There are 2 protein chains.
Amino acid sequence: MITRRAKYALKALLYLAQQPEGQTVLIRDLAKAERIPKKFLEQILLDLNRKGILQSRKGKGGGYLLGRSPAKIMMGEVIRLTDGPLAPVPCVSKTAYHRCEECVDEKTCRIRRVMKDVRDAIAGVMDKTSLADMLGKKGMKGA
Amino acid sequence: MITRRAKYALKALLYLAQQPEGQTVLIRDLAKAERIPKKFLEQILLDLNRKGILQSRKGKGGGYLLGRSPAKIMMGEVIRLTDGPLAPVPCVSKTAYHRCEECVDEKTCRIRRVMKDVRDAIAGVMDKTSLADMLGKKGMKGA
DNA sequence: AAGTAGTCTAGTAAATAGGTAGAGTAAATA
DNA sequence: TATTTACTCTACCTATTTACTAGACTACTT
């Protein structure tokens with residue numbers, strides 16, 4: 001299961017993706033529109049900002065906007081930034097590999113083999129679906 | 001990420017799957033062989049026993065054995081029993097559906113649509129891979 | 001300078017993860 | 001039938017994570 005944090009992040013990004021190019025949105029308005037606790041959303045957006053997925057402007061007329069076009073922000077990236085690796089076990093993660101502590105021998109691990117397939121299956125969907133795809137009328141995948 | 005509990009469960013089941021038909025294994029030996037804390041393993045096995053995936057025999061000569069043939073125990077089932085639903089959000093789970101509390105309208109939720117695909121991708125691997133498949137030399141899937 | 005709006009650090013309650021401890025119960029056998 | 005063997009069950013525990021809230025601070029605009 002993904003966290004609420006990840007869902008909020010996706011909802012916020014999808015909302016921003018629907019704004020006209022260059023238009024900023026206040027945290028307050030975003031929170032209200034998507035029913036996300038404002039202070040919690042602040043943290044989430046701040047974090048996504050630091051990670052370069054969105055931009056902010058301070059002072060009057062400020063707010064948040066996407067850092068890239070909605071077609072270039074993949075769901076997989078958002079989930080990784082908020083919840084961590086997509087892989088079900090660390091030893092099959094491509095972006096954050098590290099060995100399983102309890103694992104005796106990775107090379108012969110029966111679980112690892114299947115988990116690789118699971119990871120690829122998850123990434124196969126998430127890394128091919130952009131915000132733009134999610135908003136597209138026909139539910140078609142990118143590319 | 002799956003829990004350590006789930007990994008231990010899989011390891012234990014895989015170990016049992018490798019025994020000759022009808023052969024029991026002591027918790028103690030299983031714990032030692034797979035390097036799982038014994039008391040923790042007791043709980044896990046007890047739970048899997050209650051859920052019918054394995055059987056036990058008490059007293060001398062007792063121990064644990066699989067409740068079904070390794071070809072009929074699917075990885076997806078094991079993960080569900082230990083960690084819960086495979087689905088990344090409750091509203092797309094086929095075995096444990098319930099709506100997301102924070103969700104305003106499930107019908108039009110953009111996240112839900114993709115998550116359905118993700119769930120199917122995960123289940124597509126996990127529900128088609130049995131313990132026997134995992135032990136098979138060639139890494140082929142069932143059926 | 002005033003006001004607006006994002007930034008940053010702490011704190012907190014509840015749930016989950018990953019165990020440990022020890023008494024209880026059933027089966028086998030001497 | 002007493003003893004031993006092994007699983008069964010309940011309770012407990014600590015650390016971490018999740019999902020927030022509070023409040024001070026900083027930067028930008030007018």
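Throughout, a chain's letter reflects where its sequence line sits, starting with A, and its residues are numbered from 1. Below, each value reflects all heavy atoms present in this structure, side chains not excepted, and no hydrogens, waters or symmetry copies. Just so you know, these numbers come straight off a predicted model, no measurement behind them.
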With the threshold set at under 4.0 Å for non-hydrogen atoms, list the residues of residues 17-31 of chain B touching DNA chain D in residue-number order.
B:Val25, B:Leu26, B:Ile27, B:Arg28

B:Leu41 atom CG is separated from D:dT8 atom P, nearest whole Å, by 12 Å

What's touching nucleotides 25-30 of chain D from the protein side, N or O pairs under 3.5 Å?
| unit_1 | atom_1 | unit_2 | atom_2 | d |
| --- | --- | --- | --- | --- |
| D:dA27 | O4' | A:Lys58 | NZ | 2.9 |

Give every residue pair that meets the side-chain hydrogen bond (donor to acceptor under 3.5 Å, both in side chains) criterion with at least one member in [range], sequence neighbours excluded.
{"range": "residues 81-96 of chain A", "result": "A:Thr3-A:Asp83"}
{"range": "residues 47-57 of chain A", "result": "A:Asp47-A:Lys51, A:Asn49-A:Ser56"}
{"range": "residues 66-76 of chain B", "result": "B:Arg68-B:Glu77"}

How does each nucleotide of nucleotides 15-23 of chain D score, in 5' to 3' order, for protein heavy atoms under 4.0 Å: base (B), sugar-phosphate only (S), or none (-)?
---SSBBBB

List for me each residue that meets side chain to side chain donor-acceptor pair (under 3.5 Å) alongside A:Tyr97, sequence neighbours excluded, and say none if there are none.
A:Glu106

Who passes salt bridge (charged side-chain N to carboxylate O under 4.0 Å, His left out) against B:Lys32, sequence neighbours left out?
none

Could you tell me from which nucleotide to which nucleotide of DNA chain C, 5' to 3', there is an atom under 4.0 Å from chain B heavy atoms?
C:dA17 to C:dA28

Ordered by number, residues from residues 46-55 of chain A within less than 4.0 Å of DNA chain C (heavy atoms) are A:Leu46, A:Asn49, A:Arg50

Wobble G-U and Watson-Crick pairs count when both distances are under 3.5 Å; given that, what is the 5' to 3' dot-bracket string of DNA chain C, with | for pairing to other strands?
||||||||||||||||||||||||||||||

Checking side-chain contact (heavy atoms from CB on, under 4.5 Å) against A:Arg112, which of A:Lys116, A:Arg110, A:Met115 comes through?
A:Lys116

By the definition side-chain contact (heavy atoms from CB on, under 4.5 Å), identify the one residue from B:Leu48, B:Ile73, B:Leu66 that meets it with B:Leu16.
B:Leu66

Which residues pass the ring pair (Phe, Tyr, Trp, His ring centres under 6.0 Å) test with A:Tyr8, sequence neighbours left out?
A:Phe40

Salt bridge flag under 4.0 Å for residues A:Asp127 and A:Arg80:
yes

Is the closest basic N to carboxylate O distance between A:Glu102 and B:Arg35 below 4.0 Å?
no

